[in-house]
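The structure appears below as structure tokens.
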Amino acid sequence: MLFSWILLTTAATATAATALQVLPPVNWTSTTTTTDVFKIANAPPTVYVSSSSAAVRDTDGITLIPPSTLEFANTFAADLLDLFGREFTVQVVDEPPSAGVYLTILPEEARGGLEYESGQATTEGYELEISGALVQVKGAGARGAWWGTRTLLQSLVVGDGTVKAGKTRDAPAVSTRGFMLDAGRKWYSLGLLKELCTYASFFKFSEFQYHASDNYPLNRGRNETWSEVYSQFSLLPEDESLLGLIARKNETLSRMKFADFQRHCAQRGITVIPEIESPGHALAITKWMPQLALAKKDLLNLTHPETIPTVKKIWNEFLPWFMTKEVHIGADEYDATLADVYIAFVNEMAAWVKEVSGKRVRIWGTNEPSTTMSVSKDIVIQHWQYGESDPVLLEQQGYDVINSEDWWGYVSIKNDHTPILPRPYPQHFDTDRTLNFAGVEGWQWEPRLVNPFNTSEEWQIPQGSKRLRGATMASWNDNGPDASTQLEAYYAWREGMPVVGARAWSGSRGPLLDTSTLAESVARLATAAPGQNLDRRIPALPVSWNGTTPAVIGLGSKGMNYTLTISYTAPFTLSSLPDANLTLLPSGELHFIADGTHYPLRSTSSSAGYDAGHPGRIWSNDTSSSHEAVLLPSRGTVVIRTDEIGGSRVWAGGEDEEFLGRFEAFVYGGRNTVTSWSQMAFVAPMYEATGDVVEATISEGV
């Protein structure tokens with residue numbers, strides 16, 4: 001077989017560095033010497049760490065595995081190599097150097113003004129001072145030094161490797177600056193989870209809430225077939241008596257892998273907050289032990305004598321895994337008519353978890369209209385929707401509150417819940433709701449803003465509240481495991497995460513985002529975020545070879561956006577596990593395969609799927625698209641163009657291209673009242689090729 005692979009790239013137009021902002025933005029005081037500039041290319045290839053600071057580990061955060069300043073410095077040095085191609089060593093020194101990058105911890109008396117917005121002390125603040133030769137990153141603690149390196153790296157990125165001399169003092173508004181991923185209704189690999197931590201850390205997030213168990217919603221007309229509905233428990237117990245929880249062992253993290261996940265995130269300033277759901281969303285438990293279910297089969301019967309001991313047995317297995325001072329027990333969307341047994345359950349679990357592990361418990365805000373009982377104030381309430389909880393009232397009553405109000409903070413991967421009211425959840429994070437909170441132009445969201453329906457001050461959490469822990473954005477897989485690829489979770493967050501991270505950090509007192517340069521700043525920094533390749537960028541180098549199959553291309557995957565042209569003479573496969581395979585079957589069907597699911601090329605209209613309100617969605621009553629599998633000839637040329645909105649769309653190649661269709665998934669919506677087809681946006685597999693591909697080309701853009 002002759003196999004020729006040519007990579008075509010287009011040069012990106014550089015944006016003027018002076019127009020861009022770091023995210024979160026900082027108040028920067030320039031020195032009087034405007035020509036004094038620090039250039040990373042001219043700096044000594046060493047990260048210096050003060051000997052008095054090297055072993056410092058913060059104890060005020062919620063991680064149980066806090067990195068030392070020296071460990072953060074090693075990660076920082078790796079990031080410098082990744083971004084600027086220079087290898088930096090790390091050296092512990094007794095005195096500041098005359099040139100280079102120097103990390104140290106501020107003495108306690110010099111930390112004034114680096115508190116949280118509530119006035120509570122934190123080690124997350126930092127001071128960054130830059131001269132022409134020397135950069136000094138001075139943290140209020142090890143984490144503060146780490147966050148200072150993020151500001152420095154971003155400044156170097158937008159400055160094309162340079163930073164003007166100056167100084168800033170900076171600290172976050174709140175401690176919880178989080179993101180949550182639903183890993184109970186879609187499997188995510190360890191590698192992807194670590195990359196998400198790395199990306200989020202660049203924008204100063206502090207928590208990754210890992211939603212480890214859940215099930216496809218039974219309220220979408222599936223209660224009759226509950227035992228066949230997708231559910232997942234994504235942690236693999238070592239206790240063999242708990243293996244009944246596991247439906248797919250290959251879709252789990254072992255204790256060793258989960259420890260690796262937590263360590264990786266901690267090394268970048270992020271604490272993993274594990275969540276195991278009960279007594280609702282508990283189909284993984286009730287499939288295993290059906291006698292514990294209520295009539296709605298994903299709800300546990302809390303009055304059954306085996307229920308609470310079973311839940312405690314599960315937690316007893318996993319509590320030693322969790323390297324955090326707080327864990328999340330879910331506890332949302334239960335039966336409001338059973339409020340008393342629900343409240344008794346969460347209070348008992350919180351007290352028991354504290355007793356056996358010393359950890360504090362979080363729950364989702366849930367409607368529990370009891371007149372005789374109340375949830376313990378030792379429990380942190382994560383508000384997510386009005387009607388389920390009132391975060392302002394909770395704060396007034398003395399509860400610690402996390403703001404995950406769905407109006408601003410939710411994503412439903414693949415498509416929204418239309419026609420469910422009061423609002424659909426966007427399939428890509430809606431930054432307009434962050435930049436124009438409650439629909440008020442220019443009112444930038446911050447963690448204390450919880451009510452988008454009544455904008456008066458008394459309906460928001462007071463500025464400086466000691467009960468406001470912060471905010472967590474959330475991404476849900478309500479449409480099921482086969483409605484998206486793993487990387488589509490990243491696409492849904494790519495632009496939103498830098499914006500939310502900036503506003504969560506700045507809060508009421510920090511600089512507002514400059515919307516005139518925000519899009520360009522996000523594009524530049526998201527692409528540059530070191531230590532990860534979620535965009536699946538590949539080297540801009542032409543590659544070609546001759547030989548027999550299998551032909552190793554060796555480039556992994558090519559992410560959004562691309563045009564892939566393949567000329568073939570027989571069935572073939574392009575692979576890039578774990579991301580995707582592209583296979584032409586002997587039958588003539590062309591399949592993308594991701595996470596073991598086959599997605600055949602289906603016949604659609606070239607104009608379908610561009611509904612402005614529901615991008616990528618084709619309603620099932622649309623008569624212009626048959627959605628039948630397309631059969632390709634035994635030899636020919638196909639052109640695949642892929643972007644997040646249109647998905648992976650296919651044309652028959654040649655002088656007169658003919659549109660064939662797209663790769664897509666069938667999705668239920670509106671509590672099973674509407675159905676639709678939604679686009680699948682696959683990366684281009686570029687690791688190995690087998691079969692008779694004669695020539696293939698891939699280029700940027702569609």
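Nothing here was measured: the structure is a model prediction, and the numbers come from that model. Every heavy atom of this structure was used, including side-chain atoms; hydrogens, water molecules and symmetry mates were not.
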Which residues pass the side chain to side chain donor-acceptor pair (under 3.5 Å) test with Trp146, sequence neighbours left out? Ser201
One should read off an interatomic distance between Asp478 CG and Tyr425 OH, to the nearest 0.5 angstrom, of 8.0 Å
Just wondering, do Met497 and Phe429 contact through their side chains at under 4.5 Å, heavy atoms? no
Looking at Ser484 and Glu488, would you say the former's side chain and the latter's main chain have a donor-acceptor pair under 3.5 Å? no
Has the side chain of Arg86 got a donor or acceptor atom that lies under 3.5 Å from a matching backbone atom of Ala43? yes
Find out whether Phe592 and Pro600 are in side-chain contact, i.e. whether some heavy atom of one side chain is under 4.5 Å from a heavy atom of the other. no
Does Gly141 offer a backbone N or O that forms a donor-acceptor pair with the side chain of Arg57 under 3.5 Å? no
Contacts of Ser521 that satisfy side-chain contact (heavy atoms from CB on, under 4.5 Å) - sequence neighbours left out: Leu20, Gln21, Leu23, Thr517
Do any N or O atoms from the side chain of Asp58 and from the backbone of Arg143 form a donor-acceptor pair under 3.5 angstrom? yes
Quick one: are Arg263 and Met323 in side-chain contact, heavy atoms under 4.5 Å? no
Verify whether one side chain among Tyr562 and Thr642 offers a donor that lies under 3.5 Å from an acceptor in the other. yes
Residues that Arg268 engages under salt bridge (charged side-chain N to carboxylate O under 4.0 Å, His left out), provided they are two or more places apart: Asp79
Modelled atom types, side-chain donor and acceptor of Trp147 and Glu124, under 3.5 Å: yes
Go through the structure and list residues passing salt bridge (charged side-chain N to carboxylate O under 4.0 Å, His left out) with Lys204, not counting sequence neighbours. none
Using the benzene-type ring in the case of Trp, are the ring centres of Phe76 and Phe88 under 6.0 Å apart? no
What I want to check is whether the side chains of Thr573 and Thr583 have a donor and an acceptor closer together than 3.5 Å. yes
Working for salt bridge (charged side-chain N to carboxylate O under 4.0 Å, His left out), residues Asp579 and Lys558: CA-CA 10 Å; Asp579 288 340; Lys558 170 67 180 77; over 6 Å; no
Distance-minimising heavy-atom pair for Ile246 and Leu235: CD1-O, 3.4 Å
Is the shortest heavy-atom distance from the side chain of Leu80 to the side chain of Val47 under 4.5 Å? yes
Quick one, Pro45 and Thr89 - any side-chain contact, counting heavy atoms below 4.5 Å? no
For Trp476, all residues meeting ring pair (Phe, Tyr, Trp, His ring centres under 6.0 Å), sequence neighbours excluded: His211, Trp364, Tyr410
With sequence neighbours left out, write down each residue that passes side chain to side chain donor-acceptor pair (under 3.5 Å) with Tyr188, or none if nothing qualifies. Asn477
Salt bridge (charged side-chain N to carboxylate O under 4.0 Å, His left out) against Arg537, all qualifying residues, sequence neighbours excluded: Asp535
Check the pair Lys257 / Asp260 against salt bridge (charged side-chain N to carboxylate O under 4.0 Å, His left out), numbers first and verdict last. CA-CA 5 Å; Lys257 288 184 176 180; Asp260 183 21; over 6 Å; no
With a 4.5 Å heavy-atom cut-off, do Asp170 and Trp505 have their side chains touching? yes
Taking atom OH of Tyr687 as the centre, report whether more than 12 heavy atoms of other residues, nucleotides or ligands fall under 6.0 Å from it. no
Looking only at heavy atoms, what is the nearest atom pair of Gly100 and Phe38, with distance? O-CE1, 4.0 Å
List in chain and number order the residues that pass salt bridge (charged side-chain N to carboxylate O under 4.0 Å, His left out) with Arg248, two or more places apart in sequence or in another chain; answer none if no residue qualifies. Glu251
So do the side chains of Val500 and Trp408 get within less than 4.5 Å of each other, counting heavy atoms only? yes
Looking only at side chains, do Thr63 and Thr324 share a donor and an acceptor under 3.5 Å apart? no
Check side chain to side chain donor-acceptor pair (under 3.5 Å) between Ser506 and all other residues, then give those that pass, not counting sequence neighbours. none
Find the distance between CE (Met180) and NE2 (His328) and round it off to the nearest 0.5 Å. 9.0 Å
Ring center gap for Phe318 and Trp321 short of 6.0 angstrom: yes
On a heavy-atom basis, the closest approach of Thr485 and Lys186 is C-CE, 3.9 Å
Heavy atoms only: give me the nearest Asp514-Ser516 pair and the separation to one decimal. OD1-OG, 2.6 Å
Counterpart residues, side chain to side chain donor-acceptor pair (under 3.5 Å), relative to Ser404 (two or more places apart): Gln382
Aromatic ring proximity, centroids under 6.0 angstrom, Phe663 and Tyr599: no
Disulfide (SG to SG under 2.5 Å): which pairs involve residues 61-90, sequence neighbours left out? none
Does the separation of the ring centres of Tyr199 and Phe205 fall below 6.0 angstrom? no
Does any non-hydrogen side-chain atom of Met560 lie less than 4.5 Å from one of Val702? no
For Tyr48, which residues count as a ring pair (Phe, Tyr, Trp, His ring centres under 6.0 Å) partner, sequence neighbours excluded? none
Once the angle between the rings of Tyr210 and Phe258 is folded into 0 to 90°, is it parallel (under 30°), tilted (30 to 60°) or perpendicular (over 60°)? tilted
Quick check: closest heavy atoms across Ser206 and Ser175, and the distance to 0.1 Å? OG-O, 2.6 Å
What is the minimum heavy-atom distance between Glu644 and Ala681, and which atoms define it? CA-CB, 4.2 Å
